[in-house]
S.K.: 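Here it is, the structure in full.
By convention in this document, chain letters (A, B, ...) are assigned in the order of the sequence lines, proteins followed by strands, and residues within each chain are numbered from 1.
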Amino acid sequence: MKVRILVSLKDSVLDPQGQTVKNALHTLGYGSIRDVRQGKVFELELEGVSEKEAEKIIPEISDKVLANPIIEKFSWQILEKG
Amino acid sequence: MAKLKFGVVIFPGSNCDYDTYYALRDVCKQKTIFLWHKEHDLKNVDCVVLPGGFSYGDYLRSGSIAAFSPLMQEVKEFALKGGLVLGICNGFQVLLELGLLPGAMLRNKNLKFLCQFVHIRVENDKTRFSHRAKKGQTLKIPIAHFDGNYFAPPETIAEIKKNNQIVFRYSDAEGKINEEANVNGSAESIAGLINKAGNVLGMMPHPERASEILLGSEDGRVIFESIIAKLN
């Protein structure tokens, strides 16, 4: 099974990197971009794990390792089953 | 005065380990040993020091991977039993990731790696790490970090203030706290933070780099001297 996990700063936390990217886009003339939030992508390959087990493991490792819950949030999706 | 035993932890990517060792052993004349992060034994040290650097190349988040190393589980237990732990720069980040101190570090507000002398004002001189300094005194100590912008949710900040856990704040040379002196954008200008029990201190400035006049300042020594005086 292939899983993609997205980690980004919580909405309540200022993201200076995202702001800088936004400013650069504005400089290039893309004035319609209202906001940019930067984050991290993790792609995991799991072996011998059911979808139900993944539903337990993925939030667990995201909370414990991949994201720092004080400043970050995460979301995830299954890219490939089996 | 009896010699104390300090343990300086080395992670792959630590780069202030020898400076810290030198400051403790040669400048402060204490017994000092290195502790390798893969070990499980703290070798009966009186105080654990987590030095600055870039443990594991700052992969994932600064200090995060180091927090999972075998020795850090021992350090956590040692701290929870009241043992003295000092985290400097990356060591502070490790303590946050380990949950021994509240909050987290964000990238500096100007997105620059900051390597410069700063002034910090002593906010709490009743701790085991700062009792040889005076409240309101400013110390000239260098910083060198990318992620030193301290963040905690408002309820945590309120708790920290209520418990008098802010030990050092960024200030100007006169001790004034303002936006300009708060070089990395930290909440409440926090430069050094202690846990509620008073035995774990994290600070972004490097006291070991300000331990002899030859280095441009010896203001950092007061932190080591506070620990030594308290433990003896």
Side-chain angles (χ1 to χ4, degrees), chain A residues 1-28 30 33-47 49 53-54 56-77 79, chain B residues 55-69 72-73 76 90 92-114 145-160 179 182-188 190 193 195 202:
Chain A
M1 184 188 301
K2 220 171 172 180
V3 171
R4 178 179 289 159
I5 304 169
L6 287 172
V7 174
S8 60
L9 288 169
K10 284 180 180 170
D11 296 337
S12 56
V13 177
L14 185 74
D15 177 7
Q17 293 183 97
Q19 293 291 311
T20 306
V21 173
K22 183 187 81 178
N23 294 342
L25 292 173
H26 284 179
T27 309
L28 291 172
Y30 297 100
I33 312 259
R34 260 190 48 208
D35 197 19
V36 177
R37 306 285 293 175
Q38 190 176 311
K40 295 173 193 158
V41 180
F42 299 88
E43 281 180 4
L44 274 64
E45 274 184 48
L46 293 88
E47 214 173 54
V49 169
E53 284 166 325
K56 185 181 175 291
I57 297 170
I58 301 298
E60 207 174 285
I61 59 169
S62 300
D63 235 8
K64 225 189 260 180
V65 182
L66 304 182
N68 179 339
I70 299 168
I71 48 173
E72 293 169 323
K73 58 180 182 174
F74 67 89
S75 61
W76 62 284
Q77 63 183 122
L79 296 181
Chain B
S55 58
Y56 294 90
D58 275 351
Y59 290 179
L60 191 61
R61 293 176 304 277
S62 302
S64 62
I65 308 287
F68 298 121
S69 67
M72 289 317 293
Q73 311 320 308
K76 192 167 187 177
N90 189 229
F92 187 3
Q93 295 161 340
V94 175
L95 291 173
L96 293 167
E97 285 285 342
L98 203 59
L100 284 176
L101 289 172
M105 288 296 178
L106 298 171
R107 192 123 285 197
N108 296 339
K109 67 176 174 187
N110 62 359
L111 298 176
K112 286 195 174 105
F113 185 91
L114 295 169
H145 61 249
F146 217 145
D147 301 301
N149 181 353
Y150 181 80
F151 173 87
E155 58 276 17
T156 307
I157 294 285
E159 179 84 9
I160 286 168
E179 266 304 292
N182 188 17
V183 287
N184 53 24
S186 287
E188 297 292 326
I190 290 172
L193 185 69
N195 65 340

S.K.: Do B:Leu96 and A:Ile70 have side-chain heavy atoms sitting under 4.5 Å apart?
M.R.: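 No, their side chains stay 4.5 Å or more apart.
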S.K.: Just wondering, are more than 12 heavy atoms of other shown residues or ligands nearer than 6.0 Å to CZ in B:Phe113?
M.R.: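 Result for CZ/B:Phe113: enclosed.
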S.K.: In terms of heavy-atom contacts, does NZ of A:Lys40 have more than 12 from other residues, nucleotides or ligands at under 6.0 Å?
M.R.: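 More than 12 within 6.0 Å, yes.
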S.K.: Could you tell me which non-hydrogen atom of A:Leu14 sits nearest to which non-hydrogen atom of B:Leu106, and how far apart they are?
M.R.: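 Minimum heavy-atom separation between A:Leu14 and B:Leu106: O-CD1, 4.4 Å.
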S.K.: Using non-hydrogen atoms only, which part of B:Leu60 is less than 4.5 Å away from chain A: side chain, backbone, both, or neither?
M.R.: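 Backbone plus side chain of B:Leu60, per the 4.5 Å heavy-atom cut-off to chain A.
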S.K.: With chain A as the partner, which of B:Asn110, B:Ile65, B:Leu111 has the greatest number of non-hydrogen pairs under 4.5 Å?
M.R.: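 Between B:Asn110, B:Ile65, B:Leu111, the count favours B:Leu111.
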S.K.: What residues of residues 58-66 of chain A make heavy-atom contacts with chain B at a cutoff under 4.5 angstrom?
M.R.: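 Within residues 58-66 of chain A, the residues that come under 4.5 Å of chain B (heavy atoms only) are A:Lys64, A:Val65, A:Leu66.
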S.K.: Non-hydrogen atoms of chain B under 4.5 Å away: do they reach the side chain of A:Glu72, the backbone, both or neither?
M.R.: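 Interface part for A:Glu72: side chain.
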